[in-house]
Amino acid sequence: MMLRRTRAKQVAPVYELFIRDYPSPDEMYRADSNSLRSSLKPLGLNWRIAQFEALGRDLVRDFGGHVPTTREELVQLTGVSDYVADAVLVFALGQPRAVIDANVARVIARYFGLREHAEARRDGQVRELADGLLDRAHARDYNFAMLDLAALVCTARNPKHDLCPLRRTCAKAANAKAVAS
DNA sequence: TTCCTGATGC
DNA sequence: GCATCGGGAA
């Protein structure tokens with residue numbers, strides 16, 4: 001939830017302190033409101049603070065203080081939708097699903113020569129292609145690899161085509177090369 | 001300026 | 001379908 005529209009580098013230190021200060025949903029729920037606020041303030045998007053409080057309430061009231069393990073239950077939680085639910089299923093539970101954030105959607109759109117647009121995440125064609133790419137036996141590594149590729153190489157601005165491991169079969173790289181020559 | 005491992009309300 | 005939220009880095 002901290003990673004929504006927020007860089008991993010910015011989240012990392014906040015996350016470490018947060019997990020230390022509130023080691024369980026119950027302790028987050030019982031935490032002082034000002035304490036929670038100051039913990040999350042460095043991330044911006046301050047309406048998320050109220051969401052964390054509501055999430056703690058949801059977890060304690062509806063799930064006995066435990067994070068649920070099915071997609072249907074996860075998306076019932078305040079602040080949890082497709083992305084967060086899939087991320088929990090993959091990174092916490094190791095289930096074979098494709099995590100699709102704005103960046104992964106961009107990578108897929110570029111690679112297959114589709115039009116890049118703001119709502120590519122919800123594009124049925126993009127989601128279908130993502131499911132096809134998924135290495136089901138190594139879902140965690142696959143998804144980390146996609147996120148890292150998107151963040152480090154296939155960036156929104158100035159993508160590093162010459163460093164990209166997919167450059168030989170990528171529609172966008174072929175296009176960029178044609179334009180350059 | 002733009003963008004970052006989006007979800008929500010309208 | 002679309003604006004909105006936000007600090008931080010490039």
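Chain letters run A, B, ... following the sequence lines, proteins first and then strands; every chain starts at 1.
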Self-check item: Nearest-angstrom distance, C1' atom, C:dG1 to B:dC4
Solution: 23 Å

Quiz prompt | Integer angstrom distance from the C1' of B:dT1 to that of C:dG6 | solution = 15 Å

Self-check item: B:dT5 phosphate, OP1 or OP2, under 4.0 Å from A:N143 side-chain N/O
Solution: no

Practice problem: Mind calculating the distance between CZ (A:R106) and C1' (B:dG6) to the nearest angstrom? | Solution: 14 Å

Quiz prompt | Value in whole Å for how far the C1' atom of B:dC4 lies from CG of A:L152 | solution = 13 Å

Practice problem: For residues A:L43 and A:R48, report the shortest heavy-atom separation together with the two atoms involved. | Solution: O-NH2, 3.3 Å

Quiz item: Nearest nucleotide by nearest heavy atom, which residue falls closer to the 5' end of DNA chain C, A:P42 or A:R157?
Solution: A:P42

Quiz item: A:S81 side chain: which of B:dC4, C:dG6, B:dT8 is closest?
Solution: B:dT8

Exercise. For C:dC2 versus B:dT5, give the span between their C1' atoms, rounded off to a whole number of Å.
Key: 22 Å

Exercise. For A:A118, report the nucleic acid contact type (base, sugar-phosphate, nothing); a contact means any heavy atom under 4.0 Å.
Key: nothing

Practice problem: State, without any angle test, whether A:S39 and A:Y22 hold a side-chain donor-acceptor pair at a distance under 3.5 Å. | Solution: yes

Quiz item: Can you find an N or O donor on one side and an acceptor on the other, under 3.5 Å apart, linking the side chain of A:R7 with the base of B:dC3?
Solution: yes

Self-check item: 5′-ward residue of the pair A:K9/A:Q51 relative to DNA chain B
Solution: A:K9

Quiz item: Could you give the CD-to-P distance, from A:E119 to C:dC2, as a whole number of Å?
Solution: 8 Å

Quiz item: Between B:dG6 atom P and A:R127 atom CZ, what is the distance in whole Å?
Solution: 13 Å

Quiz item: Can you check whether A:F18 and A:F52 have ring centres sitting under 6.0 Å from each other?
Solution: yes

Quiz item: For A:L43 and B:dA7, what is the distance between atoms CG and P respectively, to the nearest whole Å?
Solution: 15 Å

Exercise. In whole angstrom, give me the gap between the P atoms of B:dA7 and C:dG8.
Key: 23 Å

Practice problem: Give the rounded distance in Å between these two atoms: CG of A:N46 and C1' of C:dT4. | Solution: 13 Å

Exercise. For C:dT4 and B:dC3, measure between their C1' atoms and round to the nearest Å.
Key: 15 Å

Quiz item: What does A:T6 touch in the nucleic acid at a heavy-atom separation under 4.0 angstrom: a base, only the sugar-phosphate, or nothing?
Solution: base

Quiz item: Side chains of A:R136 and A:Q95: do they bring a donor and an acceptor to under 3.5 Å?
Solution: no

Quiz item: Given atom CZ of A:F52 and atom C1' of B:dG6, what is their separation to the nearest angstrom?
Solution: 12 Å

Exercise. Check every strand shown and say whether A:V84 touches a base, only sugar-phosphate, or nothing at a heavy-atom separation below 4.0 Å.
Key: sugar-phosphate

Exercise. Say whether A:M1 and A:I19 are linked into one hydrophobic cluster, either directly or through other cluster members, by side-chain heavy-atom distances under 4.5 angstrom.
Key: yes

Quiz item: Is the shortest side-chain N/O distance from A:R5 to OP1 or OP2 of B:dC4 below 4.0 Å?
Solution: yes

Quiz item: Within this structure, what is the CG-to-C1' distance between A:D148 and B:dC4, rounded to whole angstrom?
Solution: 14 Å

Quiz item: Could one point to a donor on the side chain of A:Q10 or the base of C:dG7 with an acceptor on the other under 3.5 Å away?
Solution: yes

Practice problem: State which residue, out of A:R106, A:R110, A:R121, fulfils the salt bridge (Lys or Arg N to Asp or Glu O under 4.0 Å) condition with A:E116. | Solution: A:R110

